[in-house]
Amino acid sequence: MILVYAAVTHATAILLMPLDSTFSLQTFWTLVRHCAIATIVFLAAALVDPQTRAIFTQLLLTTVMLFLLLVATLAVVLARTRHQAAARQIVLSITVALMLTPLWLGPLAEVSGNLPLLSNAIVGVSPFSAIATTLDFDYLRSRWFYQHSVLGSLRYEYFAWSGYALTLIAVVAGCSLSAADGKFTRIAHLFRKRVTAS
Amino acid sequence: MKTKTMVALVTPILLLIATFSQAADPVGMNPELRNKAKRAVDAGLHYLRGQQAEDGSWSNSVGVTALGLRAFLQSHRGYDETDGAFITKPIEFMLAHINEDGSISETNQNRNYNTAVCMTALAATGNEEYEEALNGARNFLINLQIDEGDGYESEHAYYGGIGYGGDERPDLSNAYMALEGLQASATDPDDPVWEKALLFVSRSQNRSESNDQEWAGNDGGFTYMPGYSPNGGTASYGGMTAAGLLSLLFAGVDKEDPRIQAAYDWIRSNYTLEQNPGSDGGTQGLYYYYNVFAKSMAAYGADTLVDAQDNEHNWRNDLAEKLLSLQNDDGSWVNPDSPRWWEGNKELVTAWSVIALNAALK
């Protein structure tokens with residue numbers, strides 16, 4: 001429970017950080033490092049005890065995914081300040097990491113005893129799975145993936161296409177609102193100037 | 001006095017009957033073990049009955065449902081559709097999942113496995129009403145086979161193979177299951193599907209005399225697919241060698257054919273039921289191995305085999321003893337060491353184990 005608390009505390013710390021122009025790249029990497037250490041310790045503890053492995057592995061996946069999302073969020077913040085090149089690299093790294101989840105998180109599905117929720121989540125978070133679902137192609141059973149990822153020999157289901165569609169709509173809506181937010185601010189500023197002038 | 005005389009007369013007769021029946025076991029199986037194996041089958045079937053869903057399915061999977069049904073139909077109890085809903089409902093569940101292309105599957109994944117095991121189960125009912133479903137499924141499997149229609153020439157290592165159904169790459173495990181389904185549903189022995197399959201099966205064997213692939217070794221065993229084994233390189237292993245032997249028999253190859261003899265020799269020399277011989281750690285695909293090993297030995301017609309140390313084994317006795325020792329108190333079986341190939345699923349593994357015992361008891 002202490003480890004869970006540590007992970008949650010770090011996640012909360014990142015969320016509550018003032019993400020304005022004073023936010024530096026150094027602060028960002030410090031937070032990422034702390035969060036990564038907490039996650040690794042959490043992972044090690046979860047794998048030691050077989051009794052609680054099943055529950056922990058599910059929590060772990062959520063933690064890892066939250067971690068990745070938080071880093072992505074921070075990267076977006078960086079892009080809006082003054083570290084656009086670093087932000088691009090971070091977002092690219094996260095995309096690659098997510099695409100390859102069947103490779104680096106596949107063993108977790110095996111160790112956990114092929115829990116359906118966990119296995120499906122590992123498959124589902126990879127953008128490859130979105131493409132595979134659209135094309136009706138079971139890429140995890142293709143020769144290369146079958147040879148390099150244990151998932152091909154486990155039971156799993158691809159998420160329904162509607163799940164990906166909803167996620168896509170949410171992302172697009174979020175980006176649109178974010179862009180609109182800037183416009184609204186400018187419009188409001190212009191409106192205030194006009195009122196003051198009159 | 002009268003009682004004593006009766007006992008004196010009856011006891012030798014009973015002993016004689018017991019001795020005679022032991023010697024007369026058609027496949028040389030230990031009678032006591034045979035009875036225990038039958039009880040283990042009953043316990044396994046009892047477990048399956050308890051796990052059956054309202055719609056007659058197991059594990060919400062067409063494939064597991066078909067295997068569960070087959071376990072009942074081929075058991076020493078001789079169940080059939082007149083025995084009740086626990087037999088008819090799984091059939092309805094399978095038939096409700098027939099797709100337009102003839103496949104029988106609830107998912108795009110595993111379409112070959114699901115369809116093939118459904119064919120075997122439907123054929124085991126002996127009910128001609130399912131002929132239409134079997135014809136559709138047969139056409140689906142034949143269309144799934146990789147050939148000129150998919151742009152592959154006979155020189156290609158994939159030619160004649162059958163895969164999961166969600167992609168093109170074939171493997172011996174899928175091919176063997178498909179051939180079992182085709183054989184069970186009385187597919188014409190002259191259909192080109194067999195000859196094409198034979199090419200693929202031969203190309204999965206480590207036997208350079210009959211395998212034109214550069215990587216082919218010469219131990220006579222089989223690998224997962226031409227040029228790849230999950231146990232490193234192109235290493236032969238138990239599950240696939242039994243599947244290869246069975247595939248050759250399904251395709252009509254004579255028992256004396258050197259390909260079959262080489263496979264049998266590999267099984268003999270690597271004989272063990274402690275693990276899936278040749279597999280990584282020995283625990284992966286263990287019950288798959290038991291299942292296909294029992295079916296292959298029964299189909300080959302060997303009651304005993306001699307291992308590399310010149311020890312003779314009655315495989316039926318060995319398999320029964322092994323499976324009895326691994327059965328859980330609730331009648332189920334499961335692979336606690338590896339969930340690969342769904343062996344963490346009790347319903348699937350129990351069905352596989354019962355089918356293996358059914359093959360041994362025949």
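Convention: sequence-line order gives letters A, B, ...; per-chain numbering from 1. What you are looking at is a predicted structure, and each value in this text was computed from that prediction instead of being measured.
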Does anything in residues 59-68 of chain B reach chain A? List residues with heavy atoms under 4.5 Å apart, or say none. B/Ser59, B/Asn60, B/Ser61
With sequence neighbours left out, the residues meeting ring-ring contact (aromatic ring centres under 6.0 Å, His included) with B/His97 are B/Phe93
Distance in Å, B/Tyr228 OH paired with A/Gln147 CD, rounded so as to fall on 0.5 Å steps: 5.0 Å
Residues 287-294 of chain B side chain polar contacts: donor-acceptor under 3.5 Å, at least two apart:
residue  : atom : partner  : partner atom : Å
B/Tyr288 : OH   : B/Ser173 : OG           : 2.6
B/Tyr289 : OH   : B/Thr272 : O            : 2.9
B/Tyr290 : OH   : B/Leu273 : O            : 2.6
B/Asn291 : OD1  : B/Lys295 : NZ           : 3.0
B/Asn291 : ND2  : B/Trp352 : O            : 3.1

Tell me, side chain or backbone of B/Asp171 under 4.5 Å from chain A's heavy atoms, or both, or neither? neither
Residues in ring-ring contact (aromatic ring centres under 6.0 Å, His included) with B/Tyr224, at least two apart? A/Tyr146
Can you check whether A/Asp136's main-chain N or O pairs, donor with acceptor, with B/Asn108's side chain at less than 3.5 Å? yes
Is the CD atom of B/Glu148 crowded by more than 12 outside heavy atoms at less than 6.0 Å? yes
Enter the distance from A/Leu154:CG to B/Asn345:CG here, rounded to the nearest 0.5 Å. 12.0 Å
What part of A/Tyr156 gets within 4.5 angstrom of chain B, counting heavy atoms only: side chain, backbone, both, or neither? both
So do the side chains of A/Arg155 and B/Pro339 get within less than 4.5 Å of each other, counting heavy atoms only? no
A/Arg141 backbone acceptor or donor facing B/Arg169 side chain under 3.5 Å: yes
Point-to-point distance, once rounded to the nearest 0.5 Å, from CD of B/Glu343 to CG of A/Asn114: 11.5 Å
